[in-house]
Amino acid sequence: MVIVLKRDCTAEQLQEVKRAMERGGVKVMVSQGSEVTILGAEGNASGLNQQALAQMPGVERVVPVSEPYKKANRKYHPDDTVVDIGRGVQVGGRKLAVIAGPCSVESQEQIVGIAESVQAAGAAAMRGGAYKPRTSPYSFQGMGLEGLRLLSEARQATGLPIVTELMSADQLPIFEETVDVIQIGARNMQNFDLLKKVGKVNKPILLKRGLANTIEEWLMSAEYIMAGGNDRVILCERGIRTFETYTRNTLDLSSVLAVKRLSHLPVVVDPSHACGRSWMVERMAMAAVAAGADGLIIEVHNDPKNALCDGAQSITPAEFEALMGKLAPLARCVGREL
Ligand code: PEP
Ligand code: MN
């Protein structure tokens with residue numbers, strides 16, 4: 001952290017600020033220029049109260065120079081993190097992890113059938129919501145407990161690990177028992193209480209980027225989970241809100257590059273929620289792999305027209321198979337495999 005002093009800052013005020021910084025546990029370097037004087041904090045600045053310092057007499061502004069996230073920061077963990085999600089599947093290694101399945105679990109035949117077809121096409125894990133965050137309270141809210149039970153059946157049939165969204169901490173015990181990866185949805189990315197709770201569980205967390213959140217806010221949410229002791233975090237870019245309305249969201253593929261540089265955590269891309277249009281999914285999935293994503297999470301439905309949720313963005317099992325065929329050579333081009 002660097003503190004820029006006002007031009008008329010007195011020697012006493014400078015000393016006051018310096019002492020306040022030292023009380024926060026850092027050594028202070030004073031650089032007195034002809035135009036500006038700055039105080040630099042050397043050491044761990046996490047004990048400094050930025051807002052209090054900014055309000056002290058003589059202070060013009062406080063400039064943070066290092067990122068506020070530590071555990072998620074590549075600076076302190078240069079190697080890529082590979083997250084083991086069980087059943088022999090890893091996210092973040094050389095092999096791309098493709099997670100596929102319907103938006104929501106709807107029935108036994110639907111979820112088992114889709115799980116079997118995506119597995120045959122090479123998916124590494126399956127997705128399916130049992131608790132759904134819907135904009136309208138009158139829309140299908142998910143099958144709840146019965147949905148979790150059907151997901152377990154699909155896992156039994158295929159051996160694929162299950163990724164499913166947790167909406168409330170009340171469901172945490174049953175999730176710990178039945179799911180392989182806990183998804184924190186875009187709408188809950190800054191539900192700090194929920195983040196703290198999943199920071200305490202022994203399950204990998206798929207953390208979606210919020211609808212209107214910056215990359216730094218997203219990484220701070222990962223930090224919440226990691227600060228609790230859970231370092232198995234997988235980031236998921238799923239599009240952000242912009243002024244554009246043609247697509248459901250705007251897929252921010254540059255965030256994949258940014259996050260891979262800033263953090264050691266693996267990142268997967270969800271082209272389905274990003275675009276909201278099934279015909280865009282294939283190309284955007286390919287673009288995500290080209291951009292360096294560690295995997296994909298894709299909505300696949302056996303009957304998109306009659307899906308209870310997100311049919312317009314769901315591809316069919318046949319389209320998923322075709323996509324996987326196209327991803328394989330592309331993965332090799334970027335030094336990965338499928
Ligand atoms: C989902 O995965 O079905 C979902 C609701 O995603 P998001 O939180 O990204 O909107
Ligand atoms: Mn969905």
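Whatever order the structure lists them in is the order used to number ligands and atoms, beginning at 1. Only this structure's heavy atoms are used, side chains among them; waters, hydrogens and symmetry mates stay out.
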Trainee: Tell me whether Arg74 is salt-bridged to Asp79, with the criterion being a basic N under 4.0 Å from an acidic carboxylate O.
Mentor: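 Judged by the 4.0 Å cut-off on N to carboxylate O distance, Arg74 and Asp79 do not form a salt bridge.
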
Trainee: If we ignore angles and hydrogens, is there a donor and acceptor under 3.5 Å between the side chains of Gln313 and Arg277?
Mentor: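 No pair is found: no donor N or O on one side chain lies under 3.5 Å from an acceptor on the other.
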
Trainee: Using distance alone, with no hydrogens and no angle criterion, decide if Gln190 and Asn213 have a side-chain donor and acceptor under 3.5 Å apart.
Mentor: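 Asn213 and Gln190 do have a side-chain donor-acceptor pair below 3.5 Å.
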
Trainee: Do me a favour and list the nearest non-hydrogen protein atom to atom 4 (C) of ligand 1 with residue, atom name and distance?
Mentor: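 Of the protein heavy atoms, His273 NE2, 3.4 Å lies nearest.
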
Trainee: With no hydrogens and no angle check, is any side-chain donor or acceptor of Ser263 less than 3.5 Å from a backbone partner on Ala72?
Mentor: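 A pair under 3.5 Å: yes.
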
Trainee: Using a 3.5 Å distance criterion without hydrogens, assess whether the side chain of Arg19 forms a donor-acceptor pair with backbone atoms of Arg23.
Mentor: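 No; judged by distance alone, with no hydrogens or angles, the pair does not exist.
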
Trainee: Evaluate Pro133 for polar contact with ligand 1, using N/O atom pairs at a separation under 3.5 Å.
Mentor: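 No - when backbone and side-chain N and O of Pro133 are compared with those of ligand 1, no distance drops under 3.5 Å.
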
Trainee: Are the side chains of Glu165 and Ile184 in contact, using a 4.5 Å heavy-atom criterion?
Mentor: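 No - every pair of side-chain heavy atoms lies 4.5 Å or more apart.
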
Trainee: Which residues and atoms, counting only protein N, O or S, are under 2.8 Å from the Mn ion (ligand 2)?
Mentor: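 Short answer, with waters excluded from the count: Cys103 SG, His273 NE2, Glu299 OE2, Asp310 OD2.
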
Trainee: What do you reckon, does Asp270 have a nitrogen or oxygen under 3.5 Å from a nitrogen or oxygen of ligand 1?
Mentor: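 Not met; the criterion fails.
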
Trainee: Considering heavy atoms of the protein only, find what lies nearest to atom 6 (O) of ligand 1 and give residue, atom and distance to 0.1 Å.
Mentor: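 The answer is Lys208 NZ, 3.0 Å.
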
Trainee: Which heavy atom of Glu237 sits nearest a heavy atom of Ile240, and at what distance?
Mentor: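 For Glu237 and Ile240, the tightest heavy-atom pair comes out as OE2-N, 4.2 Å.
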
Trainee: Parallel, tilted or perpendicular, judged at 30° and 60°: which one describes the rings of His264 and His77?
Mentor: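 Judged by the thresholds at 30° and 60°, the geometry between His264 and His77 is parallel.
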
Trainee: Just to check, does Arg209 reach to within less than 4.0 Å of ligand 1 when the distance is taken from its heavy atoms?
Mentor: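 So Arg209 does not count as touching ligand 1.
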
Trainee: If two hydrophobic side chains count as joined below 4.5 Å and joins carry through other members, does Val181 share a cluster with Ile225?
Mentor: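 Result: no, two separate clusters.
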
Trainee: So, regarding Arg127 and ligand 1 (criterion: nitrogen or oxygen to nitrogen or oxygen, under 3.5 Å), is there a contact or not?
Mentor: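 Min N/O separation from ligand 1 is below 3.5 Å for Arg127.
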
Trainee: Determine yes or no for a side-chain-to-main-chain donor-acceptor pair under 3.5 angstrom, with Asp294 supplying the side chain and Val91 the backbone.
Mentor: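 No.
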
Trainee: Quick one: which of Lys203, Arg127, Arg155 gives a salt bridge (Lys or Arg N to Asp or Glu O under 4.0 Å) with Asp180?
Mentor: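 The passing option is Arg155.
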
Trainee: Under 4.0 Å from a heavy atom of Cys103: which atoms of ligand 1 are those, numbered in the order shown and with their elements?
Mentor: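 Contacts of ligand 1 toward Cys103, numbered from 1: 3 (O).
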
Trainee: Considering only non-hydrogen protein atoms, determine which one is nearest to atom 9 (O) of ligand 1 and report residue, atom name and distance to 0.1 Å.
Mentor: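 Among all protein heavy atoms, the one nearest atom 9 (O) of ligand 1 is Arg238 NE, 2.7 Å.
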
Trainee: At a 4.0 Å threshold, what atoms of ligand 1 neighbour a non-hydrogen atom of Glu299?
Mentor: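 Checking each atom against Glu299, I get 3 (O).
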
Trainee: Among protein heavy atoms, which lies nearest atom 8 (O) of ligand 1, and at what distance?
Mentor: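 Here the closest protein heavy atom is Ala186 N, 2.8 Å.
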
Trainee: Should Ile315 and Leu251 be regarded as members of a common hydrophobic cluster, given that ILVMFWY residues are connected when their side-chain heavy atoms come within less than 4.5 Å of each other, either directly or indirectly?
Mentor: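 In one cluster: yes.
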
Trainee: Return the option from Glu165, Gln183, Lys132 holding the heavy atom at the smallest distance from atom 3 (O) of ligand 1.
Mentor: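 Comparing heavy atoms across Glu165, Gln183, Lys132, the nearest one to atom 3 (O) of ligand 1 lies in Lys132.
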
Trainee: I'd like to check which ligand 1 atoms, numbered from 1 as shown, lie under 4.0 Å from a non-hydrogen atom of Gly185.
Mentor: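 By the 4.0 Å cutoff, the relevant atoms are 8 (O).
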
Trainee: Using a strict 4.0 Å cut-off to heavy atoms of Arg187, name the atoms of ligand 1 that fall inside it.
Mentor: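 Numbered from 1, ligand 1 contributes 7 (P), 8 (O), 10 (O).
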
